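Counting starts at 1 for both ligands and their atoms, in listed order. Values in this document were obtained by computation on a predicted structure and should not be read as measured data.
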Amino acid sequence: MADIAATVSETVAQPQTVEDVLAITQDPAATLVPAADKGWFSQITDNPLFGAGFGLMGLGAGLAMARQGAVRAAHMAQRQMLVTLEIPSKDKSYLWFLHWMSLQQKTASAGLGLGRSHHLAVETSYKQHDNGSASTTFSLVPGPGKHFFRWRGAWIQVTRSRDTKMVDISTGSPWEVVTLTTLSRDRHLFTELLEEAKGLAMKMQEGKTVIYTSWGPEWRPFGQPRRRRLLDSVVLDQGIKEEIVADVKDFLASGKWYYERGIPYRRGYLLYGPPGSGKTSFIQALAGELEYNIAILNLSERGLTDDKLNHLLSNLPERSIMLLEDIDAAFSGRQQTEESGYGRSNVTFSGLLNALDGVASAEERIIFMTTNHAEKLDPALIRPGRVDMKRLIGNATPHQLREMFLRFYEGKETEADEFVKRIQETGRPVSTAQLQGLFVHNKGEPQKSIEMAPHLNREE
Ligand SMILES: Nc1ncnc2c1ncn2[C@@H]1O[C@H](COP(=O)(O)OP(=O)(O)OP(=O)(O)O)[C@@H](O)[C@H]1O
């Protein structure tokens, strides 16, 4: 260590005298060395290069501050002057709004509003007609991006954004948000707009039955609402229709009775019988009579789990009849009970029983189950509490044969009797759906139906 110190002291010339010190301080090359002798700031600023640098830095900082200030002021102004409304795709009003917007699109005549949008998206819906045929309708709505439209004298900006990273796990569809922006003073327009959109949706449903199907863990309307089916259009054996309708109406009027006795406010019905006997048609007509909608669930649906089923049954759309069709197809007998039902559904039998028992909800719950094979059903599924009323909806009885005939050929009483006689002579069961087929085929020609009666359902 001593050697090293010696080497250093040799290489650096140390000032030995006052003159040496003076010489050093006067040497311009040495001015930077004794920094402690001058204020550092003045030393730096005295330097023309650094001076210019500082000037620029100062200017930059000033500009940045000004920019920040401007951004803040803009934000402030935006907060003060603009108001935004977010409608996430999960919310009910989302579909109402999109539909409302598609109408704005159609009526944006003068080239104003959404009519100018260059980025449109299509919303396709299927319209099911009463005769069973379906047609497709397209609605054009603004696609993702920004759009402007003028409504009730105010400009509204619509931003439809799709988050590709965030996916609704249950449905697999991308998460979407529609954001509306307008001037603060026009904020009341948002409520008015949503009211109008809702009113429009309700109007479309007036006198109609909405069919909901499950979409992941939620319910979504399936196609356009259908015209209500009249109870008279469904011909069941004597008294059955009236009995079920009276029972449901009585149930709906007994909320307090159930509440006071601590009984879950729900009622289950099982309609069983051969295909085409009018089970589904009757449930549709009943929903129409009660001004209710129908929520249909297919237990064999891919991806349906016990949890989702439970959630769906506890969150039925308001004023809806729950319909579980072909319940035997999903589960038949105990042997399948421990495993999941067939198809790609993951629902277990015990999961279904739990969902049916469900947490008592405040709202009433009416569940209809249909099957072609009542004998295959596990007794646990149809025990009272889960199924409170079971009715056979069978093949056409003489009463139904006559009634159906007269519905298609009004006033043809004698012919109706003849028709019933001919069908009875065959000794073969005939479904009401087959009768409908025959009468449609022989529209306006009762005699032809009578002639064809012996051939109905014949195994050639
Ligand atoms: N009792 C009936 N009264 C009036 N129409 C009927 C009747 N039964 C069947 N139909 C007609 O037949 C067709 C099929 O009826 P529907 O789907 O209601 O039968 P279903 O018993 O539910 O059959 P499945 O057991 O195969 O589901 C419908 O178009 C319906 O109008």
Side-chain angles (χ1 to χ4, degrees), residues 127-134 208-209 211 213 222-223 226-245 248 268-289 292-301 321-332 343 366-377 382 387 389-410 416 419-420 423 428-443 449 453 456-457:
K127 188 169 181 172
Q128 183 102 45
H129 302 286
D130 291 338
N131 58 9
S133 71
K208 305 221 167 122
T209 309
I211 308 288
T213 50
F222 175 73
R226 296 160 194 215
R227 194 147 23 106
R228 275 188 200 138
R229 181 161 186 158
L230 299 174
L231 263 179
D232 280 352
S233 74
V234 185
V235 181
L236 299 187
D237 202 10
Q238 252 163 333
I240 293 189
K241 217 164 45 175
E242 293 74 15
E243 191 190 6
I244 302 174
V245 172
V248 177
Y269 299 83
L270 175 72
L271 302 186
Y272 62 97
S277 53
K279 298 178 288 297
T280 313
S281 308
F282 169 67
I283 296 163
Q284 276 175 11
L286 174 73
E289 169 77 13
Y292 266 50
N293 297 313
I294 301 178
I296 302 182
L297 189 63
N298 178 1
L299 289 176
S300 311
E301 187 188 291
I321 289 178
M322 167 88 231
L323 172 56
L324 293 173
E325 278 203 297
D326 299 326
I327 191 102
D328 60 285
F331 304 99
S332 47
I366 303 170
I367 297 192
F368 269 84
M369 298 180 211
T370 66
T371 181
N372 296 140
H373 306 282
E375 71 287 352
K376 286 192 191 167
L377 297 180
I382 49 175
V387 169
M389 193 177 194
K390 301 176 205 115
R391 286 297 174 269
L392 165 71
I393 311 290
N395 283 318
T397 60
H399 167 79
Q400 282 168 290
L401 289 170
R402 209 181 128 78
E403 287 294 305
M404 285 284 283
F405 190 94
L406 290 174
R407 272 199 66 77
F408 282 83
Y409 310 113
E410 235 180 311
F419 180 76
V420 176
I423 293 277
R428 286 188 300 270
V430 172
S431 74
T432 31
Q434 280 174 314
L435 289 180
Q436 178 180 282
L438 178 75
F439 300 149
V440 169
H441 182 75
N442 298 316
K443 195 163 155 237
S449 286
L456 209 59
N457 226 3

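Across G276, S233, S281, heavy-atom proximity to atom 28 (C) of ligand 1 is greatest for S281. Comparing T432, N395, V234 against atom 7 (C) of ligand 1, the shortest heavy-atom distance belongs to T432. The option from K241, M404, K279 that lies nearest to atom 25 (O) of ligand 1, judged by heavy atoms, is K279.
Taking the centre of each ring, F439 and Y409 come in below the 6.0 Å mark. The ring of F282 has its center no closer than 6.0 angstrom to the ring center of Y269.
Contact of the N395 side chain with the V430 side chain is not registered, since no non-hydrogen atoms from C-beta on lie closer than 4.5 Å. Looking at heavy atoms from C-beta onward, R229 lies in side-chain contact with V234 at the 4.5 angstrom threshold.
For atom 22 (O) of ligand 1, the nearest protein heavy atom (residue, atom name, distance) is T280 OG1, 2.6 Å. Among protein heavy atoms, the minimum distance from atom 14 (C) of ligand 1 is reached at A433 CB, 4.2 Å. Ranking the protein heavy atoms by distance from atom 19 (O) of ligand 1 puts G278 N, 3.3 Å first.
Taking N293 as the reference, nothing meets the side chain to side chain donor-acceptor pair (under 3.5 Å) condition, with sequence neighbours excluded. Partners of E242 by salt bridge (Lys or Arg N to Asp or Glu O under 4.0 Å), not counting sequence neighbours: none found.
A 6.0 Å sphere centred on NE2 of H399 holds more than 12 heavy atoms belonging to other residues, nucleotides or ligands.
Checked by distance only, ligand 1 and V235 come closer than 3.5 Å through their nitrogen or oxygen atoms.
Using a 4.0 Å cut-off between heavy atoms, N372 contacts ligand 1 through its side chain alone, with no backbone atom that close. The side chain of R229, and not its backbone, has at least one atom closer than 4.0 Å to an atom of ligand 1 (non-hydrogen atoms only; side chain from C-beta on). In Q436, the part holding a heavy atom less than 4.0 Å from any atom of ligand 1 is the side chain.
Those atoms of ligand 1 that come under 4.0 Å of a heavy atom in L236, given as number and element, are 1 (N).
Between V235 and Q400, the shortest heavy-atom distance links the atoms O-NE2, 2.9 Å.
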